[in-house]
Amino acid sequence: MRDGEMTEIDLSRALLGWYDRHARVLPWRIGPAESAAGQRPDPYRVWLSEVMLQQTTVAAVKAYFERFTMLWPTVDDLAAAPDESVMGEWAGLGYYARARNLLKCARMVSNELGGAFPQTREGLIALPGIGPYTAAAIAAIAFDEPETVLDGNVERVMARLFDIHTPLPTAKPELMTRAETLTPRRRPGDHAQAVMDLGATICTPKSPACGICPLRDPCAARRAGTAAELPKKTAKKPKPTRHGTIYLGQRGDGAWLMERRPDKGLLGGMLGWPGSDWGEAAVDAPPVAADWTVLPGEVRHTFTHFHLVLSVHIAPLPLDCAPERGFFVDKHAFRRSDLPTVMRKAFDLARDAIKDRA
DNA sequence: GACTCGTGGAA
DNA sequence: TTTCCAAGAGT
């Protein structure tokens, strides 16, 4: 079949037919049969999943989604939760501004909107943490509004389907236009999820499974043999390496000296160990005078835009210790799982060193 | 438009 | 080991 013989309606129909048979079963979804029959998923669960899924894999999100909905089944429950609880439960998932905005958004919906999410893209995008993609996704999936989502999956599928070689992000408007032409008036929510499922399971970044793709016939890139090299992307800058020092001090009663990081910036709002700034070289900056010991080895961690090497120092602290910065977290209140990953790595290094010494 | 902002799995 | 990258948003 040639390109011109398949209309947008044909493409959309082929995709929905595939979705009806192969839709992934996910905790925040209803099935395609229920959706086609007019049922809708819980907007709270759709919103929560979409925020968690921003730049994050389905595999990583599942456990967090289950835990959040167990602790806070409704948006009102989440709105009433203490900041530290939500940040602690988000720890390890990354991009912590999402958690801060999640709480802001939940409290706006609960306190100002009567606990009901806006049903339109315009209403949703006005809320914190909800951008162009997420607003369209919630409107389409939760309310079956005829909105078009454009995420990494959709970009890849469109670039291949229409053999577009313009590099991202320049190509975004063009890809959006293409995606819009495929969005059907019936079942736009299922259509959105169908394109994303296709991108996640068939039209994958590396070695796409074109042989079993429902759109293999109309796909221009497959015909041209360029599918695997699309979409084109502009080259990224190399990551510099930064160095720093952090301090794990433990009082005789087992309490740890910790600090809450400021809301703005890296790991904003998260619990962590006090330390130096991170720069060209590691500098000494203990939070309190004590007998600090440098641990052998180091913590290595890579963030989005730099590598980090941390020197870890430990010290026993007196019961009457009065540090300039931070506060003590009681031995029984301390939870490793409340920490972002880089802070967990430092804790593990210190824990092992203390264990080996004993 | 350019930067910032996490993490873990796959190749 | 390094690179890529996953349902992006905020500044």
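Chain identifiers are assigned alphabetically (A, B, ...) following the order of the sequence lines, protein sequences preceding nucleic acid strands; residue numbering begins at 1 within each chain.
What separates CG of A/Leu124 from P of C/dG8 is a distance of 17 Å, to the nearest Å. Atom NE2 in A/His307 sits roughly 12 Å away from atom P in C/dT1 (whole-Å rounding). Rounded to whole angstrom, the span from the CD atom of A/Glu155 across to the P atom of C/dA7 amounts to 10 Å. Between A/Lys239 atom NZ and C/dC5 atom P the separation is 12 Å, expressed in whole Å. Taking atom CD1 of residue A/Ile202 and atom C1' of nucleotide C/dA6, one finds them 17 Å apart after rounding to whole Å. Rounded to a whole Å, the CZ atom of A/Arg261 is 16 Å from the P atom of B/dT4. Look at OH on A/Tyr133: it is 18 Å from C1' on C/dG10, rounded to the nearest Å. Protein atom CH2 of A/Trp278 is 14 Å distant from nucleotide atom C1' of B/dT4, rounded to whole Å.
Across all strands shown, A/Pro340 has heavy atoms under 4.0 Å from sugar-phosphate atoms exclusively, and none from any base. Using a 4.0 Å heavy-atom distance criterion, A/Lys237 is classed as a sugar-phosphate-only contact. The residue A/Leu93 sits close to a base: some heavy atom pair falls under 4.0 Å. Nucleic acid contact class of A/Gly268 (heavy atoms, under 4.0 Å, all strands): none. A/Arg24 comes within contact range of at least one nucleobase, with a heavy-atom separation under 4.0 Å. In this structure, A/Gly265 reaches the sugar-phosphate backbone alone: every heavy-atom distance under 4.0 Å involves primed, P, OP1 or OP2 atoms, never a base.
If A/Lys206 and A/Pro169 are placed on DNA chain B by their nearest nucleotide, the residue sitting closer to the 5' end is A/Pro169. If you find the closest nucleotide of DNA chain C to A/Ile130 and to A/Lys236, the one lying nearer the 5' end belongs to A/Lys236. Map A/Lys104 and A/Ala137 each onto its nearest nucleotide of DNA chain C; the residue landing nearer the 5' end is A/Ala137.
The aromatic rings of A/Trp18 and A/His22 are tilted relative to each other, their planes meeting at an angle between 30° and 60°. Using bins of under 30°, 30° to 60° and over 60° for the plane-to-plane angle, the ring pair A/Phe334/A/Trp273 lands in the tilted bin.
Between A/Thr341 and B/dT7, a side-chain N or O to OP1/OP2 separation shorter than 4.0 Å is present. In this structure, A/Tyr96 reaches the B/dT7 phosphate: one of its side-chain N or O atoms is under 4.0 Å from OP1 or OP2. Residue A/His301 places at least one side-chain N or O closer than 4.0 Å to OP1 or OP2 of B/dT7. Not one side-chain nitrogen or oxygen of A/Lys264 sits closer than 4.0 Å to the OP1 or OP2 atom of B/dC5. Contact annotation: A/Arg156 side-chain N/O to C/dA6 OP1/OP2 distance is under 4.0 Å.
Within residues 26-62 of chain A, the residues having any heavy atom under 4.0 Å from DNA chain C are, by residue number, A/Leu26, A/Trp28, A/Arg29, A/Glu50, A/Leu53, A/Gln54, A/Gln55, A/Thr57, A/Val58.
Looking at A/Asp348 and A/Lys345, no side-chain N of the basic residue comes within less than 4.0 Å of a carboxylate O on the acidic one, giving no salt bridge. A/Arg67 and A/Glu89 are joined by a salt bridge, as a carboxylate oxygen and a charged side-chain nitrogen come within less than 4.0 angstrom of each other. Of the charged side-chain nitrogens involved, at least one lies within less than 4.0 Å of a carboxylate oxygen, so that A/Asp197 and A/Arg29 count as a salt-bridged pair.
Judged by atom type and distance alone, A/Thr134 does not reach the base of C/dG8 through any side-chain donor-acceptor pair under 3.5 Å. Donor-acceptor pairing under 3.5 Å, judged by distance alone, is present between the side chain of A/Tyr95 and the base of B/dG6.
There is a path of hydrophobic side-chain contacts, each under 4.5 Å, that joins A/Leu26 to A/Tyr44.
Among residues two or more places apart in sequence or in another chain, the salt bridge (charged side-chain N to carboxylate O under 4.0 Å, His left out) test is passed with A/Arg186 by none.
B/dT4 and C/dA7 have their P atoms separated by 24 Å, given to the nearest Å.
Contact check for A/Arg45 versus A/Leu48: no side-chain heavy atoms found under the 4.5 Å cut-off.
Between A/His305 and A/Phe303, the distance from one ring center to the other does not fall under 6.0 angstrom.
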